[in-house]
Structures are given as structure tokens and as C-alpha cells.
Amino acid sequence: MNTTNTYSNEALQQTQGIRALWREHALSAALVCLGLAYALSWAEMGLTLMTGPGEPIAALIASRALIGGLYICVAFRLQWARWITVALGFASVVLVGPMLGAEWHAFPVAALVTGVALVFKLAAAILLLSPDASHGSR
């Protein structure tokens, strides 16, 4: 049985160009999403403190500092940090997402900030799942 090349060379080159572009920008896009989610987490903390401190402030700050450190490790392309970030991203969407409706009834602005942060975490987790995300250019 003979095989034929059904794609033109131009189409193959275009596909390879798109793949190279993805390879270059997957990690950068994931880091932008993580940075935006991190900034929104600080805004979330501010909104939480407006409603009254239900948790110790030191714990709120420490958790954000630890996540920031994890994201810095992702930026340094450490594989363990990448996989922990992917797992935490999916876990936060699965665990926090269903509670957005109740949060919306209590404090709509906080629910909006939380929802947008979840979208950025999910996008970052998906981008970091790409095998090309670990081979980004410096």
C-alpha cells in the first residue's frame, strides 16, 4: 500500500511554525495567568478582611507567600513545582468553583474576583500540562 503526502509543503511549514510559536509562549502565558491569579488572591484577601477577619491575618499572608514561592519555582522551570501548580489549579477549581454561587449571594464582588482568579488558575494549569511548557526559551 502506498502512502501519499496529502498536505502541501506550505501547510506543513505553517503547522510547524504554529507549533514553534506555541513552544515559545506556553510557559510565558502560564506565568502571566499565574501572576494575575496571584494578584487577585491578594485582592481576595483584602475583600475578606473587609467583611471581618474570620481567619488569622498571619495565616492569610503566609499562604499567599507560600503560593508566591511556588510560582517563582515554576518560573525557574522546576518540574516538581510545575506539577504541584497543575494539581493545585485543578483542585481549586473543583473545590472552590461549586461554592461561587453561595459567595455570590453573600458578597458579589468577592465572588467575581474569586471566579476570575479560578479562570486564570485553570488556564495556567492547562498551559502547564503541555509538554512544551517545560521547554520554553529563555
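Computed from a predicted model, the values in this text were never measured in an experiment.
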ask   = Tell me, do Phe107 and Val109 make a side-chain contact under 4.5 Å, heavy atoms counted?
value = yes
task = Mind checking the OG1-CG spacing from Thr114 to Leu40? Nearest 0.5 Å is all I need.
result = 9.0 Å
ask   = Can you tell me if CG on Leu100 sees more than 12 non-hydrogen neighbours from other groups inside 6.0 Å?
value = yes
inquiry  = With a 3.5 Å distance limit and no angle check, can you tell me whether Arg82 reaches the backbone of Arg77 through a side-chain donor-acceptor pair?
reply    = no
Contact check, side chains of Leu128 and Leu27, non-hydrogen atoms, under 4.5 Å = yes
task = Show your reasoning for whether side chain to side chain contact (heavy atoms under 4.5 Å, CB included) applies to Trp80 and Leu70.
result = CA-CA 10 Å; Trp80 62 267; Leu70 177 66; 4.1 Å; yes
message = Counting C-beta onward and ignoring hydrogens, is there a side-chain heavy-atom pair between Leu122 and Phe90 closer than 4.5 Å?
response = yes
note = Note: Ala81 and Cys73 closest approach over all heavy atoms is CB-CB, 3.5 Å
key: Qualifying residues under side chain to side chain contact (heavy atoms under 4.5 Å, CB included), relative to Val32, sequence neighbours excluded   = Leu36
remark   = Rounded to the nearest 0.5 Å, the CG atom of Leu129 sits from the CH2 atom of Trp83 at a distance of 5.5 Å
inquiry  = Return the CG to CD1 distance between Leu78 and Ile72, rounded to the nearest 0.5 Å.
reply    = 11.0 Å
ask   = Mind checking whether Leu118 and Ile84 sit in one hydrophobic cluster, side chains of I, L, V, M, F, W, Y counted as touching below 4.5 Å?
value = yes
ask   = What is the minimum heavy-atom distance between Ala43 and Val113, and which atoms define it?
value = CB-CG1, 4.4 Å
ask   = How close do Ser92 and Lys121 get, heavy atom to heavy atom, and via which atoms?
value = OG-CD, 3.5 Å
query = Can you tell me how far OG of Ser63 sits from CD of Glu55, rounded to the nearest 0.5 angstrom?
reply = 7.5 Å
key: Inter-residue atom distance Leu112.CG - Glu44.CD, 0.5 Å rounding   = 10.5 Å
request  = Please list, chain by chain and in numerical order, all residues satisfying side chain to side chain donor-acceptor pair (under 3.5 Å) with Tyr38, sequence neighbours excluded.
outcome  = Trp42
Closest non-hydrogen atom pair, Leu127 against Ala30 = CD1-N, 3.5 Å
query = Given the rule that I, L, V, M, F, W and Y join up when any side-chain heavy atoms are under 4.5 Å apart, are Tyr71 and Val116 in one cluster?
reply = no
query = Say you draw a straight line from CE of Met50 to CE of Met45; how long is it, rounded to the nearest 0.5 Å?
reply = 13.0 Å
query = In terms of hydrophobic clustering (I, L, V, M, F, W, Y; side-chain heavy atoms under 4.5 Å; direct or indirect links), are Leu88 and Val74 co-clustered?
reply = yes
remark   = Minimal heavy-atom distance between Leu47 and Ala110, with the atoms involved, is CD1-CA, 3.7 Å
